[in-house]
Amino acid sequence: MKIIVDRARCEGHGLCEDVAPDLFSLDDDGELVVAHEGDELPEQSETAARAAVSSCPVAALRATP
Amino acid sequence: MVVGESVAGATTVRRLRALGHTGPLTLVGAEPGGGPNRPPLSKHVLDGAQHDDTLGHALDGLDIELVRVAATGLDPAARTLCLADGRALAYDALVLATGAEPRRLAGPGQRGELVLRTLPDAQALRARLDTARSALVVGSGVLGMEVASACARRGVPVTVVDRQPPLERVLGGYLSGLLTARAEAAGIEVLVVDGDVALVGDPVSGLRLPDGTVLSADVVVTCAGDTPCTNWLAGTELAGPHGVHVDEQCRTAVPGIWAVGDVACLDTPCSGRTPFWSQAVAMAGVAAASVLGLPPSGPPTDDYFWTSVAGTSVKAVGPLPVHGPPDDVEGDPDTGNALLTWRHDGGPDTVVAHGRPITAGRLRARSRAGARSSVPAPA
């Protein structure tokens, strides 16, 4: 599974950071920092990644199989 | 079974699985292409088509049966749901998440009124904005100001008309003043009138103001609030004028039926219908737990609120509206870069980020810190 971010759509709500702090964080400028972005996720992170994807109010995150 | 492919419905389904429900699970949605995440509809989707295909709710891996047919009726005694294609589906537990529909102003048979709730609504408005030379927006609430902002971004001269100043009912006078100034600086004309307006023309070509003046525009959009989708529940005891009433566990008066999101009206001390995204997510979590007989992990309310006006974002946690100037100001409100705090006796602060990047989680922490500091120290 990979995480794909649509940065044009990200509004910096940070709900992904709340549910998956090991994968997502927002810096002081509101820019989203994603661990393993575009790379295959470690298997143990997949559940958290799915929760983060579904937490995004603007659907800016996607998980590819 | 969950009815409504909304954020409330999709979240309920996910929470049911996350909480350990392994039995059959059906999600019934009326929108043939699937329900979209709605917050982008009044923002990015009005700017261009590149977002249209990536708005769906993530439902992968949940092992659900997805039925994309409108629900038309309910027999609570027999525990069956009737669908537009004639099928009747049996359920053990039912969660209503059918949302709301836009309030319309058009008279019988009057064509051409534009509203914004669904993806096709947003696509239709976007297409009209491609060639429009002027726009009128009825209603200067959250949706109306987002639509007006999209018009301004796209270079379409726009006037918003309402009985109250922009966002005053939701946010209070101080924030309304700040955001009205931002809107006007971006070229949005704000008109406050002292009575009802009416759509004129067939197809609609303008508005008649309370003083009889008629304004014309190429595009007229009604953003005058919404009505819970309860018509299909006629004949049951579920539908009230303010939606489907639910208790603090999102249970309706009918055994085996819960309601969440925009269709639901909470009968609790902080009662009412709060048709906002965060509230829908909170209710979904509570209902899923209640369906499974588990204690809820939180309250059925969430006061995280956001919008954006003319390119300035507003994110808030804590009681709204707020009245009077803030008790604490960090930054410069007039340039759209400030963190504003209102303190309340014995409760959480209202913390508002006005054009400043900050996450919901950090706003929540600040709001709660205010509540702690206002509690008197034990003697």
Side-chain angles (χ1 to χ4, degrees), chain A, chain B residues 7 10-15 17-18 34-45 47-48 50-62 119 276-281 284-285 302 304-308 311 313-317 337 353 355-365:
Chain A
M1 181 190 282
K2 294 178 183 175
I3 296 171
I4 299 180
V5 185
D6 183 341
R7 289 186 185 275
R9 214 144 84 195
C10 175
E11 297 177 351
H13 297 287
L15 304 186
C16 53
E17 181 185 75
D18 288 349
V19 297
D22 294 340
L23 295 175
F24 299 90
S25 59
L26 281 107
D27 67 19
D28 290 341
D29 297 322
E31 279 297 311
L32 181 61
V33 182
V34 184
H36 315 288
E37 183 175 354
D39 294 333
E40 200 61 33
L41 280 181
E43 208 174 305
Q44 68 271 20
S45 299
E46 290 188 358
T47 306
R50 275 206 190 86
V53 166
S54 59
S55 78
C56 180
V58 291
L61 300 175
R62 278 187 302 137
T64 64
Chain B
V7 65
T11 306
T12 303
V13 166
R14 282 190 213 108
R15 294 299 301 157
R17 284 295 187 226
N37 275 284
R38 294 190 200 283
L41 293 182
S42 49
K43 304 179 187 98
H44 303 88
V45 176
D47 294 343
Q50 65 271 26
H51 299 282
D52 290 11
D53 300 330
T54 51
L55 297 169
H57 297 286
L59 298 167
D60 302 339
L62 292 171
L119 179 57
F276 293 129
W277 187 92
S278 316
Q279 175 78 16
V281 171
D302 184 337
Y304 178 50
F305 166 89
W306 80 92
T307 184
S308 88
S313 67
V314 178
K315 296 175 179 173
V317 168
N337 181 355
R356 184 173 271 209
I358 184 167
T359 66
R362 284 166 221 175
L363 283 175
R364 286 187 218 280

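Just so we're clear, the structure is a prediction, and the values are computed from it rather than from any experiment. Here is the naming used below: chain letters follow the sequence lines, and residue numbers restart at 1 for every chain.
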Inset, instruction - Give a yes or no on whether Glu43(A) atom CD has more than 12 heavy-atom contacts from other residues, nucleotides or ligands under 6.0 Å away. - result: no
Legend entry - Heavy-atom check, side chain of Arg50(A) versus side chain of Arg14(B), under 4.5 Å: no
Legend entry - Which atoms of Leu41(B) approach chain A - backbone, side chain, both or neither, heavy atom under 4.5 Å: neither
Inset, instruction - With a 4.5 angstrom heavy-atom cut-off, could you sort out which part of Arg362(B) is near chain A: side chain, backbone, both or neither? - result: side chain
Inset, instruction - Report yes if the side chains of Asn37(B) and Val58(A) come closer than 4.5 Å at any heavy-atom pair, otherwise no. - result: no
Inset, instruction - Heavy-atom pairs under 4.5 Å with chain A are the metric here; pick the option from His57(B), Arg356(B), His51(B) that has the most. - result: His51(B)
Legend entry - Between Ala51(A), Pro57(A), Pro65(A), Gly30(A), the one whose heavy-atom pairs under 4.5 Å with chain B are most numerous: Pro57(A)
Inset, instruction - Tell me, for Asp29(A) versus chain B, whether the close heavy atoms (under 4.5 Å) come from the side chain, the backbone, both or neither. - result: backbone
Legend entry - Side chain to side chain, Pro357(B) and Leu26(A), heavy atoms closer than 4.5 Å: no
Inset, instruction - Let me know if Thr54(B) has heavy atoms under 4.5 Å from chain A in its side chain, its backbone, both or neither. - result: both
Inset, instruction - Select one option (side chain, backbone, both, neither) describing which atoms of Ser55(A) are under 4.5 Å from chain B's heavy atoms. - result: backbone
Legend entry - Side-chain heavy-atom pair Val5(A), Leu32(A) within 4.5 angstrom cut-off: yes
Inset, instruction - Go through Ala353(B), Ser313(B), Ala58(B), Pro40(B) and name the one with the most non-hydrogen pairs under 4.5 angstrom from chain A. - result: Pro40(B)
Inset, instruction - State, yes or no, whether a side-chain contact exists between Leu55(B) and Arg9(A) at a heavy-atom distance under 4.5 Å. - result: yes
Inset, instruction - Decide if atom CG of Asp27(A) counts as having more than 12 heavy atoms of other residues, nucleotides or ligands within a radius under 6.0 Å. - result: yes
Inset, instruction - Below 4.5 Å from any heavy atom of chain B, which atoms of Leu15(A) appear? Answer side chain, backbone, both or neither. - result: side chain
Inset, instruction - Go through the atoms of Glu17(A) and report whether side chain, backbone, both or neither lie under 4.5 Å from a heavy atom of chain B. - result: side chain
Legend entry - Student check: side-chain heavy atoms of Leu23(A) and His36(A) closer than 4.5 Å: yes
Legend entry - Part of His44(B) within contact of chain A (heavy atom distance under 4.5 Å): side chain
Legend entry - Arg62(A) atom CZ: more than 12 heavy-atom contacts under 6.0 Å: no
Inset, instruction - Check each atom of Arg364(B) against the heavy atoms of chain A and say whether the ones under 4.5 Å are side chain, backbone, both or neither. - result: side chain
Legend entry - Option that, when pairs with chain B are counted at under 4.5 Å, heavy atom only, ranks first among Cys56(A), Ala59(A), Ser54(A): Ser54(A)
